[in-house]
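So that the names make sense, note that chain A is the first sequence line, chain B the second, and so on, each numbered from 1. Predicted, not measured: the structure shown is a model, and the values here were computed from it.
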Number of protein chains: 2
Amino acid sequence: MPRIIQVSVPSLRVTLSSIFRKQGFNSTDALYLAGTLIDADQRGISSHGTQRMAMYDAKIRHRIIDPHARPGIVRSKGATLLIDAHAAMGQLAMREATNLAIGLAQSHGLGLVTVRNSNHFGTAGQYARKAADSGFIGVVSTNSNPIVAPTHTAVPALGSNPIAVAAGYGSDQLDFDAATSTVSLGKVEVHEKTNQPIASDWAIDALGNISHDPVTIMRNIRSKPRHSALTPLGGTGEDHGGYKGYGLGLAVELFTGLFGDAPTSMDLNDTYFSHSILVISPDAYGGSDALAARVSQLAKRLRSLPSSDGHPVLFPGDKERAALAQHHDTVPIDEVSYKQVRDIAWGLDIDEPQIVRIDDGDSASAVGAHVASI
Amino acid sequence: MPRIIQVSVPSLRVTLSSIFRKQGFNSTDALYLAGTLIDADQRGISSHGTQRMAMYDAKIRHRIIDPHARPGIVRSKGATLLIDAHAAMGQLAMREATNLAIGLAQSHGLGLVTVRNSNHFGTAGQYARKAADSGFIGVVSTNSNPIVAPTHTAVPALGSNPIAVAAGYGSDQLDFDAATSTVSLGKVEVHEKTNQPIASDWAIDALGNISHDPVTIMRNIRSKPRHSALTPLGGTGEDHGGYKGYGLGLAVELFTGLFGDAPTSMDLNDTYFSHSILVISPDAYGGSDALAARVSQLAKRLRSLPSSDGHPVLFPGDKERAALAQHHDTVPIDEVSYKQVRDIAWGLDIDEPQIVRIDDGDSASAVGAHVASI
């Protein structure tokens with residue numbers, strides 16, 4: 001097991017925002033970007049947190065991401081908008097899109113904003129949650145690099161194409177965010193890092209056979225052309241409804257690249273991503289407090305159902321909320337990602353994030369020598 | 001294998017619309033209702049076709065469905081509407097909701113209509129397709145009786161909660177319609193009728209164990225309380241992403257019963273269903289012809305991918321379009337359903353639908369003696 005570095009959240013915020021600042025983002029944007037990554041770490045979605053810094057850094061240096069880009073409106077019709085991100089960070093394009101969609105929902109009851117020419121936007125859930133926290137309902141999706149095989153082929157032609165839906169407030173908020181593949185690539189990467197075989201049907205090889213070796217899967221997914229693919233939600237073939245995951249992935253392609261007159265996932269290669277956000281006002285449905293109360297009541301009833309396997313019934317967002325409560329002051333970052341961030345920081349004459357503790361495999365320790373050896 | 005009756009489509013249309021007429025529907029509605037059921041039969045979705053007549057007949061006789069109901073607007077905010085169906089046939093409430101949503105999309109760019117106090121509405125796909133055929137994008141969902149178990153419980157608490165998405169025109173239309181369970185109940189019923197064991201993890205018993213016997217599953221799903229449940233898309237537990245099917249099912253609960261301040265699936269018992277339809281204008285996205293061309297191009301590229309298992313890669317709707325082409329003049333109806341429709345017709349002094357041929361198990365025959373023995 002690789003070591004896990006427990007990092008001080010305030011310190012990490014200073015380091016990441018300073019990095020973004022030196023990369024050319026203004027202070028507001030830099031702090032916002034640091035916040036979205038740390039929020040993912042705090043919620044236990046480390047695949048979309050600080051570990052992405054090396055990727056963002058490379059893209060900014062190669063001018064794939066433009067720190068100075070300002071998204072602009074391409075076309076609009078009533079409460080529907082198409083925006084060009086002009087190669088902005090996906091998070092900044094979506095911050096703008098979310099605010100626009102909320103404004104449209106305030107005046108029209110709902111609003112739909114599609115963003116094209118963007119980049120990786122972090123978690124889909126954060127934008128849906130922003131809408132919900134503001135008293136609205138949010139539905140968010142994005143396309144991405146082609147890593148999911150449609151039913152009956154081994155060719156990766158769809159992105160992981162997550163769908164996020166959020167409504168209600170607080171600890172009973174409906175906060176759903178999931179790739180339309182069986183699992184997200186991040187889960188395979190966790191197995192790769194720990195070299196644990198995959199027991200389930202998450203990925204196939206170039207012949208369409210189920211593959212259980214995470215190292216081979218990841219090597220083949222990273223190769224160009226890709227020789228491995230994730231299965232759609234429901235798995236390969238039709239017996240377990242895999243064509244439904246494929247179809248839901250296509251619905252995301254519709255709302256993103258197809259709406260945007262932009263590349264679909266088949267043609268993506270780390271950039272030119274498209275996103276969409278639908279925001280709905282609850283006014284016709286009784287208002288935000290009444291809707292939140294209904295969501296809350298359903299959450300409580302579902303959680304109270306008897307378990308069939310020893311695990312409690314959860315409401316979407318419960319796991320992430322529990323992680324958030326646990327990671328208020330420190331977040332866990334794998335050693336490799338920590339070193340990458342430290343090196344980026346040092347290269348820009350910025351202090352590295354402060355280490356609180358180092359967890360060595362299963363056992364936690366806070367030994368000075370460990371810190372020194374990082 | 002039960003016998004399959006091949007019925008003349010024009011004759012079936014006369015019989016079904018005459019039945020609806022005598023049940024109290026006006027001529028326009030009666031013909032519309034007959035059309036939606038026959039369309040499902042023609043597309044190979046016989047679970048939502050003529051075989052539903054006995055159920056509708058019973059509900060109309062028990063005044064659960066009101067043939068004279070006219071849906072009315074409860075509340076509106078901009079392009080969002082809440083409608084009360086006043087116990088109308090779901091199909092008629094949704095015909096109204098679809099037209100209203102298209103009108104809202106014409107003026108606002110998009111429109112969302114939620115319907116409450118409704119009944120079973122047939123296939124979700126027909127309303128999404130109506131929007132697409134009219135040059136818009138349609139997204140449709142409905143709640144239903146509780147038959148799907150959330151992750152980690154065996155208690156059926158969600159409906160099969162289908163999601164339909166349609167866009168584009170003609171033979172390359174994106175026409176997706178799927179329950180958020182691994183399979184719809186109709187597929188289990190097909191196994192029940194033919195008494196074929198289920199090889200896959202479609203359903204669980206009251207203890208949460210996978211059940212393969214379709215007769216037991218259906219008996220336990222029909223009992224009150226239910227002692228069996230369908231698995232969410234992704235199956236039981238979390239290994240194959242079953243919490244995603246559960247979460248998507250909850251998203252449908254949000255857009256239907258929760259928006260409608262109406263029962264969620266947990267509390268449904270054959271009536272008080274809620275539906276929703278979102279219609280989007282493609283004007284901000286280049287217009288309907290341009291969008292349809294993009295959808296068509298993606299369909300063709302996906303279909304041309306090499307097969308990994310001998311089955312061709314399909315685009316959502318391909319199977320149903322192939323069935324429709326095959327069933328222009330006759331549709332197959334299982335013998336039990338045919339007799340039910342015949343008896344309802346005779347009871348109302350209406351001629352039974354004309355039999356073209358009877359298929360006896362695997363072999364087809366058109367023997368007069370067979371027809372006489374029905």
> In terms of ring plane angle, is the pair B:H108 and A:H108 parallel, tilted or perpendicular, where the classes change at 30° and 60°?
Replying inline: perpendicular

Between [X] and chain B, which part of the residue has a heavy atom less than 4.5 Å away: side chain, backbone, both or neither?
{"X": "A:L81", "result": "backbone"}
{"X": "A:P306", "result": "both"}
{"X": "A:L254", "result": "side chain"}
{"X": "A:S200", "result": "both"}
{"X": "A:L104", "result": "neither"}
{"X": "A:V313", "result": "both"}
{"X": "A:A105", "result": "backbone"}
{"X": "A:L112", "result": "both"}
{"X": "A:T151", "result": "backbone"}

Does any heavy atom of chain A fall under 4.5 Å from the side chain of [X], the backbone, both, or neither of them?
{"X": "B:T182", "result": "both"}
{"X": "B:L110", "result": "both"}
{"X": "B:L207", "result": "backbone"}
{"X": "B:L278", "result": "side chain"}
{"X": "B:I280", "result": "side chain"}
{"X": "B:A157", "result": "side chain"}
{"X": "B:V139", "result": "side chain"}
{"X": "B:T264", "result": "side chain"}
{"X": "B:L233", "result": "both"}
{"X": "B:I198", "result": "neither"}
{"X": "B:S265", "result": "neither"}
{"X": "B:Y243", "result": "both"}
{"X": "B:Y285", "result": "both"}

> If you measure from the Lys or Arg side-chain nitrogens to the Asp or Glu carboxylate oxygens, is any gap between B:R301 and A:D267 under 4.0 Å?
Replying inline: yes

> Can we say B:K319 and A:E238 salt-bridge, meaning some charged N sits less than 4.0 Å from an Asp/Glu carboxylate O?
Replying inline: yes

To the nearest 0.5 Å, how far apart are [atom1] in [X] and [atom2] in [Y]?
{"X": "A:L314", "Y": "B:Y246", "atom1": "CG", "atom2": "OH", "result": "7.0 Å"}
{"X": "A:S281", "Y": "B:K77", "atom1": "OG", "atom2": "NZ", "result": "5.0 Å"}
{"X": "A:S308", "Y": "B:N209", "atom1": "OG", "atom2": "CG", "result": "8.5 Å"}
{"X": "A:L298", "Y": "B:E253", "atom1": "CG", "atom2": "CD", "result": "6.5 Å"}
{"X": "A:L258", "Y": "B:L174", "atom1": "CG", "atom2": "CG", "result": "8.0 Å"}
{"X": "B:L291", "Y": "A:D261", "atom1": "CG", "atom2": "CG", "result": "9.0 Å"}

> Can you name the nearest heavy-atom pair linking B:R75 to A:A284, along with the distance?
Replying inline: NE-O, 3.2 Å

>> To check you understand the geometry: which heavy-atom pair defines the closest contact between A:P316 and B:G247, and what is its length?
In response: CG-CA, 4.4 Å

>> Please check this pair: side chain of B:W202 against backbone of A:D239, looking for a donor-acceptor N/O pair closer than 3.5 Å.
In response: yes

>> So does A:A179 get a backbone contact from the side chain of B:K244, meaning a donor-acceptor N/O pair under 3.5 Å?
In response: yes

> Quick one: of A:L248, A:L158, A:T231, who has the most non-hydrogen atom pairs under 4.5 Å with chain B?
Replying inline: A:L248

Can you tell me which of [options] forms the most heavy-atom pairs within a distance under 4.5 Å of chain A?
{"options": "B:L82, B:L305, B:V165, B:I204", "result": "B:L305"}
{"options": "B:A79, B:A178, B:G208", "result": "B:A79"}
{"options": "B:V74, B:D177, B:L302", "result": "B:L302"}

Do the side chains of [Y] and [X] get nearer than 4.5 Å, heavy atoms only?
{"X": "A:R303", "Y": "B:T153", "value": "no"}
{"X": "A:D283", "Y": "B:T80", "value": "no"}
{"X": "B:F315", "Y": "A:L250", "value": "yes"}

